[in-house]
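Comments concern the structure below.
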Amino acid sequence: MDADVIVVGAGLAGLVATHELTSRGKRVALLDQENAANLGGQAFWSFGGLFLVDSPEQRRLRVSDSVELAWKDWQGSAAFDRLDDEDVWAAQWARAYVEFAAGEKRSWLASHGIAFLPMVGWAERGNLRADGHGNSVPRFHVAWGTGTGVVGPFVSSAERAADNGLVTFHHRHRVDELVISDGRVHGVRGAVLAADESARGAASSREVVGDFELSAQAVIVTTGGIGANHEMVRRFWPDRLGSPPATMVTGVPAYVDGRMLDISADAGVRLVNRDRMWHYTEGVQNWAPVWPGHGIRILPGPSSMWFDALGRRLPDPCLPGYDTLSTLRHLRTTPDIVGHDHSWFILTQRIIEKEFALSGSEQNPDITSKDRGRFVRERLLSKGAPAPVEAFKNNGADFVVAATIEDLVAAMNGLTDEPLLDPVRIRAQIEARDLQMDNPFSKDSQVQGIRNSRRYLGDRLGRTATPHKLLDPAAGPLIGVRLHVLTRKTLGGIQTDLASRALGLDGQVVDGLYAAGEVAGFGGGGVHGYNALEGTFLGGCLFSGRAAGRDAADRL
């Protein structure tokens, strides 16, 4: 045997599994098709949001949360409807994960030196029904250090284990086949790729310079999802979401290609819920791209007005920060707009200063560097927008700025092949909304949501602008943002039991094979069901990677 366990994929789930194995003295061969600069994988680039329930941070902000409320929210969001088959393990994973998020998760992370910002974000507020999709309360805890801060302790653990002879890194090794004999997985075969010193996240060479085969007592697959493989995204795009856009921006590096899903299926592993996926509708082109088609997601507060490509305000629950897939479904199934791959935010300078955050470690240097003083100065005390947001406003291809609606709409029309927007129509909708601001109560659901948000201390201080009229010159200038569909997450994948052991077509455990992270639908083949509550993707990698590493260590 070349190692006790082979871990395929050096992202967060793979690193966590490696940590659990090496902390018990097991030898690990850690393989990845990218170079050493990419340790941590996609998680490195993330905002570092983690879903926690009834945390000290929530309680300090007077947020009342509980396992019961979180589980109710999860069930309403997941809408598991394949409980006798594809969801049978996913639903069990979901319950276990909610209990983990309300219990051991925070202290376990703290034991690895991971701490959180004092403000808890209120992501994915849902479809406006108590029993439906969405978070009833704020649960989005951002780690100091963003995704790099979450990944860092496990990268360090792997490097220490390598120094101690327990980890062997196999960079630029692409797995093409699982080696199986007598019904048991005991190794991998693949191609050695040419050395490539490209920077982290940049597309790398796929030139093959050799082949390899490695053997071990178990293999853990942690190779991520399909977000950079637009062909695969389109292949599994479900009818319920309409037609996929002709053009999309990409929210993950090019190596998030989904290859190991089909390779696992060819070996007799069961894949489930492949029609479930999570793509954002608030993507903008990165003006300083790292990978091909690089897009960044805007994490919006509740105040921007959202219009379709023809200039009509989106209906409930398609509000900023509320219901991701309902918005995607509306944009891709409404007959007269499916031919257009964009929508629009219209907002004010006052809103962008308070409410716009950009998802990603590189777009939040103050948090990524754990510079608390800088964070307070730029996020709470500064009168302007955070520097990365201002840079997008000034340099981004999807941003336009003007003093009047007429000039703004003209600039917005200049970003599309034909002038689809009527300034008279857009002005009328904004004026109707502005009239709702004259009273502390309103019939407009978005205005109600803004006022609801302001009742929460965390949003009032850092994420929701003081209610105002968009056409108030004192709040200007006006800003238009063209929004694209941004590919991101796979919600289905390899079906696993609660120990992250992969299952075969007959529903039985495939001896010697584990799967964790996004390739396993973050646990069980689809722990989220149809909808994510946010902060649950990194957490799913942590939880399932931990389960895989611990069970493999116990069985060896």
Side-chain angles (χ1 to χ4, degrees), residues 1-10 13-14 16-31 85-90 92-93 96 166-168 170 173-190 212-224 259-274 492-527 540-541 543-556:
M1 294 290 173
D2 296 294
D4 294 321
V5 178
I6 295 168
V7 176
V8 185
V16 172
T18 298
H19 168 78
E20 295 295 334
L21 288 159
T22 57
S23 66
R24 291 161 173 77
K26 308 303 180 184
R27 296 180 302 118
V28 175
L30 183 55
L31 282 65
D85 186 17
E86 293 183 80
D87 286 335
V88 63
W89 285 105
Q92 294 178 62
W93 268 94
L166 291 175
V167 167
T168 304
H170 296 268
H173 281 58
R174 186 188 70 197
V175 172
D176 297 324
E177 181 183 357
L178 296 171
V179 179
I180 304 174
S181 63
D182 299 324
R184 181 179 180 84
V185 175
H186 60 84
V188 295
R189 296 189 188 101
F212 73 92
E213 180 171 342
L214 294 172
S215 61
Q217 296 180 60
V219 174
I220 302 177
V221 176
T222 62
T223 49
R259 291 182 70 256
M260 280 304 297
L261 287 164
D262 287 344
I263 290 168
S264 299
D266 290 342
V269 178
R270 189 173 193 226
L271 306 185
V272 295
N273 298 316
R274 299 198 74 179
I494 297 172
Q495 192 172 40
T496 64
D497 67 8
L498 286 175
S500 287
R501 297 184 297 171
L503 305 181
L505 298 178
D506 59 358
Q508 300 303 305
V509 169
V510 178
D511 286 343
L513 184 64
Y514 294 79
E518 192 170 351
V519 75
F522 302 94
V527 68
C541 291
F543 191 46
S544 60
R546 191 178 84 147
R550 290 185 175 185
D551 190 80
D554 289 344
R555 292 177 186 276
L556 292 181

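The side-chain hydrogen bond (donor to acceptor under 3.5 Å, both in side chains) search around Arg270 returns Asp85, Gln495, not counting sequence neighbours. Judged as a side-chain hydrogen bond (donor to acceptor under 3.5 Å, both in side chains), and not counting sequence neighbours, the contacts of His186 are Ser181. Taking the side-chain hydrogen bond (donor to acceptor under 3.5 Å, both in side chains) definition, one finds that Ser215 meets it with Asp2, sequence neighbours left out. With sequence neighbours excluded, the residues forming a side chain to side chain contact (heavy atoms under 4.5 Å, CB included) with Leu271 are Leu261, Ala265, Arg274, Ile494, listed by chain and number.
Scanning both residues, Ala547 and Ser500, for their nearest heavy atoms gives CB-OG, 3.8 Å. Nearest heavy atom pair, residue Ala90 against residue Gly526, reads CB-O, 3.2 Å. Pairing each heavy atom of Ala267 with each of Leu178, the nearest pair is CB-CD1, 4.0 Å. When all heavy atoms of Leu505 and Val269 are compared, the closest pair comes out as CD2-O, 4.1 Å. Closest heavy-atom contact between Leu214 and Ile6: O-CD1, 3.6 Å.
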Glu177 and Glu213: side-chain contact (heavy atoms from CB on, under 4.5 Å), yes or no, with the steps? CA-CA 9 Å; Glu177 181 183 357; Glu213 180 171 342; over 6 Å; no
Go through it in stages, so that I can follow the logic: the residues are Trp89 and Val272, the test is side-chain contact (heavy atoms from CB on, under 4.5 Å), and I'd like the CA-CA distance, side-chain angles, deciding distance and then a yes or no. CA-CA 11 Å; Trp89 285 105; Val272 295; over 6 Å; no
Under the side-chain contact (heavy atoms from CB on, under 4.5 Å) criterion, do Asp4 and Leu21 qualify, and how do the steps go? CA-CA 9 Å; Asp4 294 321; Leu21 288 159; over 6 Å; no
Would you sort out whether Val509 and Leu503 count as a side-chain contact (heavy atoms from CB on, under 4.5 Å), showing the intermediate values? CA-CA 4 Å; Val509 169; Leu503 305 181; 3.8 Å; yes
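Sorted by first and then second residue, the salt bridge (charged side-chain N to carboxylate O under 4.0 Å, His left out) pairs with a member in residues 498-511 read Asp497-Arg501; sequence neighbours excluded. Counting only residues at least two apart or on different chains, the ring pair (Phe, Tyr, Trp, His ring centres under 6.0 Å) pairs with a member in residues 507-527 are Phe522-His528, Phe522-Phe537.
In this structure a side-chain-to-backbone donor-acceptor pair under 3.5 Å is present from Glu86 to Asn273. Between the side chain of Thr496 and the backbone N or O of Ala502, no donor-acceptor pair lies under 3.5 Å. Under a 3.5 Å cut-off, the side chain of Thr222 and the backbone N or O of Ala516 do not form any donor-acceptor pair. The closest donor-acceptor contact from the side chain of Ser544 to the backbone of Gly517 lies under 3.5 Å.
Side-chain contact between Arg259 and Val175 is absent, with no heavy atoms from C-beta onward closer than 4.5 Å.
Here the CG atom belonging to Asp87 is positioned 15.0 Å from the CH2 atom belonging to Trp93, to the nearest 0.5 angstrom. To the nearest 0.5 angstrom, Thr18 atom OG1 is 7.0 Å from Ile220 atom CD1. Taken from CE in Met1 to CZ in Arg27, the straight-line distance is 10.0 Å, to the nearest 0.5 Å.
Salt-bridge check for Glu20 with Arg546: failed, with every basic side-chain N at 4.0 Å or more from each acidic carboxylate O.
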